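Given the structure is predicted, the values throughout are model-derived calculations rather than measurements. Counting from 1, the numbers follow the sequence of the chain as shown.
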Amino acid sequence: MMMSRSAAKASRSALPRYFSTAIARGSAAGCASLVRTSVRGGAFTFFPSTAKSSENVVEKWMRFSTNTGSRNASTVALGENQQEEKVNGGSAGNSTPAGGGGNNNKGIISYWGVERPKITKEDGSEWRWSCFMPWETYNADLKIDLEKHHAPVTFLDKVAYWTVKALRFPTDIFFQRRYGCRAMMLETVAAVPGMVGGMLLHCKSLRRFEQSGGWIKALLEEAENERMHLMTFMEVAKPRWYERALVFAVQGVFFNAYFISYLVSPKLSHRIVGYLEEEAIHSYTEFLKELDKGNIENVPAPAIAIDYWRLNPDATLRDVVVVVSADEAHHRDVNHYASDIHYQGKELNGLPAPVGYH
């Protein structure tokens with residue numbers, strides 16, 4: 001029994017059809033050699049036509065099943081440095097030309113993933129880290145004075161000093177002498193001020209159409225360095241579930257409090273960070289004492305720490321704590337210096353920032 005013409009037409013319309021016509025200048029064979037398409041979920045057929053003697057028309061039909069998604073991201077290369085596509089009908093969707101000019105034009109299906117060049121260490125071995133590059137590593141300044149202290153004189157200095165002292169009290173109660181976990185958890189807080197300050201200075205630079213004096217980079221370097229401290233101690237002390245939950249609570253409160261504080265008084269905010277870094281140095285000094293007494297096992301240094309601080313391959317946890325203490329001393333000096341600039345009634349961009357340490 002033969003199917004009627006109307007029934008056949010209805011059955012064909014049950015499947016979605018995508019139709020596009022592209023006019024390619026040149027021979028049909030040459031056009032076919034330049035076309036590079038890739039379509040998922042269906043098949044396609046090319047039908048050359050000779051509508052005009054000077055032009056060949058390539059018609060592309062694509063049929064997909066109704067239960068699968070489809071994407072039409074093909075491109076027809078039309079001669080050298082020239083592309084032209086005409087879409088007939090409403091079901092074709094939007095077609096975007098892609099690819100460079102020349103004889104090697106190709107249809108780009110996806111922009112997912114951009115390969116980076118192969119990176120090696122000085123000894124020729126492959127660089128294993130993607131979170132930092134070899135040129136971002138450094139040797140910590142171990143000669144820096146760890147005992148330096150900024151005496152609070154002004155009212156705001158005293159507010160900053162006693163605020164930090166008040167925050168230390170619950171920290172001592174919670175962590176006791178678990179210095180590995182203490183260091184890991186405190187670094188989740190210490191990495192916040194540099195990011196907040198750098199972000200606000202970045203927006204200020206945009207609003208005022210002015211340079212930052214390098215302070216945006218200096219503060220963001222500080223935030224990244226503190227985050228690398230966290231990535232290091234993550235390998236030493238594994239956080240428990242309630243400690244991870246504590247990070248959410250503390251970071252949520254501290255981020256917003258410091259954000260508001262920096263908007264109101266940058267000199268107070270930098271002074272608070274300066275005193276926070278002094279407390280961090282004290283904590284790491286106690287950490288070293290416990291390591292030297294044997295109360296904490298002096299395990300081998302994590303591989304990420306060896307590469308980041310350019311430590312010896314046989315470095316230990318004690319070596320890591322030493323370089324981290326030096327980093328904290330550097331952040332202490334930078335933030336007290338930034339606060340002093342504001343106390344003198346000047347803007348940070350008026351004096352160059354101490355960048356390049358990390």
Side-chain angles (χ1 to χ4, degrees), residues 121 123 125-132 134 136-148 164 167-192 222-251 276-332 357-358:
K121 298 171 64 174
D123 58 4
S125 60
E126 185 176 358
W127 185 256
R128 71 173 77 180
W129 312 107
S130 59
C131 55
F132 66 100
E136 296 172 334
T137 63
Y138 64 99
N139 294 311
D141 181 12
L142 302 183
K143 296 180 180 180
I144 194 169
D145 186 2
L146 299 179
E147 298 181 357
K148 188 186 298 183
V164 173
L167 293 175
R168 178 181 170 180
F169 180 72
T171 303
D172 289 340
I173 295 177
F174 184 82
F175 292 106
Q176 299 295 324
R177 293 188 176 277
R178 297 166 53 228
Y179 287 103
C181 185
R182 180 190 184 119
M184 177 189 62
M185 298 299 292
L186 292 181
E187 295 297 349
T188 65
V189 176
V192 170
E222 175 188 316
E224 175 64 10
N225 182 248
E226 298 284 11
R227 191 185 67 84
M228 289 304 300
H229 293 175
L230 173 63
M231 296 298 103
T232 297
F233 286 111
M234 278 283 296
E235 302 295 327
V236 178
K238 303 298 182 182
R240 299 181 176 92
W241 68 268
Y242 59 86
E243 292 169 336
R244 291 178 178 269
L246 181 64
V247 172
F248 276 89
V250 173
Q251 191 180 84
L276 282 173
E277 300 297 353
E278 290 184 15
E279 291 298 326
I281 295 170
H282 173 76
S283 296
Y284 285 117
T285 301
E286 295 298 317
F287 197 166
L288 286 175
K289 291 180 181 179
E290 294 298 312
L291 285 168
D292 293 338
K293 291 178 182 179
N295 296 333
I296 299 177
E297 184 181 1
N298 190 22
V299 298
I304 190 172
I306 292 176
D307 285 341
Y308 184 67
W309 282 284
R310 302 175 187 169
L311 301 176
N312 295 326
D314 58 348
T316 63
L317 177 59
R318 191 184 192 284
D319 298 319
V320 174
V321 176
V322 169
V323 295
V324 171
S325 297
D327 286 350
E328 304 295 7
H330 174 73
H331 301 326
R332 172 204 63 195
Y357 175 79
H358 301 113

### Message
Can you list everything that forms a side-chain hydrogen bond (donor to acceptor under 3.5 Å, both in side chains) with Glu277? Sequence neighbours excluded, please.
### Response
none

### Query
Does a side-chain heavy-atom distance below 4.5 Å link Met185 with Thr171?
no

#### Entry: Qualifying residue, where the test is side chain to side chain contact (heavy atoms under 4.5 Å, CB included) with Leu317 and the options are Val322, Leu291, Thr232
Leu291

### Query
In Å, rounded to the nearest 0.5 Å, how long is the span from CG of Asp319 to CG of Asn298?
7.5 Å

### Task
Not counting sequence neighbours, which residues clear salt bridge (Lys or Arg N to Asp or Glu O under 4.0 Å) with Glu286? List them please.
Lys289

### Expected output: side-chain Trp127 to main-chain Phe132 donor-acceptor under 3.5 Å
yes

### Summary
Sequence neighbours excluded, the answer for ring pair (Phe, Tyr, Trp, His ring centres under 6.0 Å) partners of Phe287 is none

### Flag for Glu226-His229: side-chain donor and acceptor within less than 3.5 Å
yes

### Distance (rounded to the nearest 0.5 Å) between Ile144 CD1 and Ser325 OG
11.0 Å

### Summary
Residue set satisfying side chain to side chain contact (heavy atoms under 4.5 Å, CB included) with Asp292, at least two apart, ordered chain then number -> Arg318

### Nearest-0.5 Å distance that lies between atom CH2 in Trp309 and atom CG in Asn139
12.0 Å

### Message
Just to verify, what does Arg168 make a side-chain hydrogen bond (donor to acceptor under 3.5 Å, both in side chains) with, not counting sequence neighbours?
### Response
Asp172, Glu279, His282

### Task
Please indicate whether Tyr242 has more than 12 foreign heavy atoms, meaning atoms of other residues, nucleotides or ligands, lying under 6.0 Å from its OH.
yes

### Task
Would you please name every residue forming a side-chain hydrogen bond (donor to acceptor under 3.5 Å, both in side chains) with Ser130, sequence neighbours left out?
none

## Note on the structure
Residue set satisfying side chain to side chain contact (heavy atoms under 4.5 Å, CB included) with Pro300, at least two apart, ordered chain then number -> none

### Any donor-acceptor N/O pair, Asp145 side chain to Glu147 backbone, under 3.5 Å
yes

### Query
With no hydrogens and no angle check, is any side-chain donor or acceptor of Thr285 less than 3.5 Å from a backbone partner on Ile281?
yes

## Note on the structure
Value for CD (Glu136) from CG (Asn225), rounded to nearest 0.5 Å, stands at 11.5 Å

### Task
Decide whether Asp141 and His330 meet the rule of one side-chain donor and one side-chain acceptor closer than 3.5 Å.
no

#### Entry: Side chains of Trp129 and Asp307, donor plus acceptor under 3.5 Å
yes

### Message
Looking at every heavy atom in both Ala326 and Ala140, which two are closest together, and how far apart are they?
### Response
CB-CB, 4.2 Å

### Message
Using every non-hydrogen atom in the two residues, find where Ala301 and Ile306 come nearest and quote the distance to one decimal.
### Response
O-CD1, 3.8 Å

### Query
Got a sec, which residues hit salt bridge (Lys or Arg N to Asp or Glu O under 4.0 Å) with Arg240, two or more places apart in sequence or on another chain?
Glu243

### Message
Looking at Arg182 and Ser283, would you say the former's side chain and the latter's main chain have a donor-acceptor pair under 3.5 Å?
### Response
no

### Query
Mind checking what makes side chain to side chain contact (heavy atoms under 4.5 Å, CB included) contact with Glu224, not counting sequence neighbours?
Arg227, Met228

### Task
Report yes or no: does Thr188 contribute a side-chain atom to a donor-acceptor pair with the main-chain N or O of Met184 at less than 3.5 Å?
no

### Message
Can you tell me how the ring of Tyr284 sits relative to the ring of Phe233, calling it parallel under 30°, perpendicular over 60° and tilted otherwise?
### Response
parallel

### Message
Rounded to the nearest 0.5 Å, what separates atom CD in Glu235 from atom CD1 in Ile304?
### Response
6.5 Å

### Query
What pairs with Val192 under side chain to side chain contact (heavy atoms under 4.5 Å, CB included), at least two apart in sequence or on another chain?
Val196, Gln251, Phe254, Phe255

## Note on the structure
On a heavy-atom basis, the closest approach of Asp327 and Tyr138 is OD2-OH, 2.7 Å

### Task
Kindly compute the distance separating CG (Leu146) from CD (Glu278), expressed to the nearest 0.5 Å.
11.5 Å

### Task
Just jot down the side-chain hydrogen bond (donor to acceptor under 3.5 Å, both in side chains) partners of Glu290, sequence neighbours excluded, or say none.
Arg177, Asn295

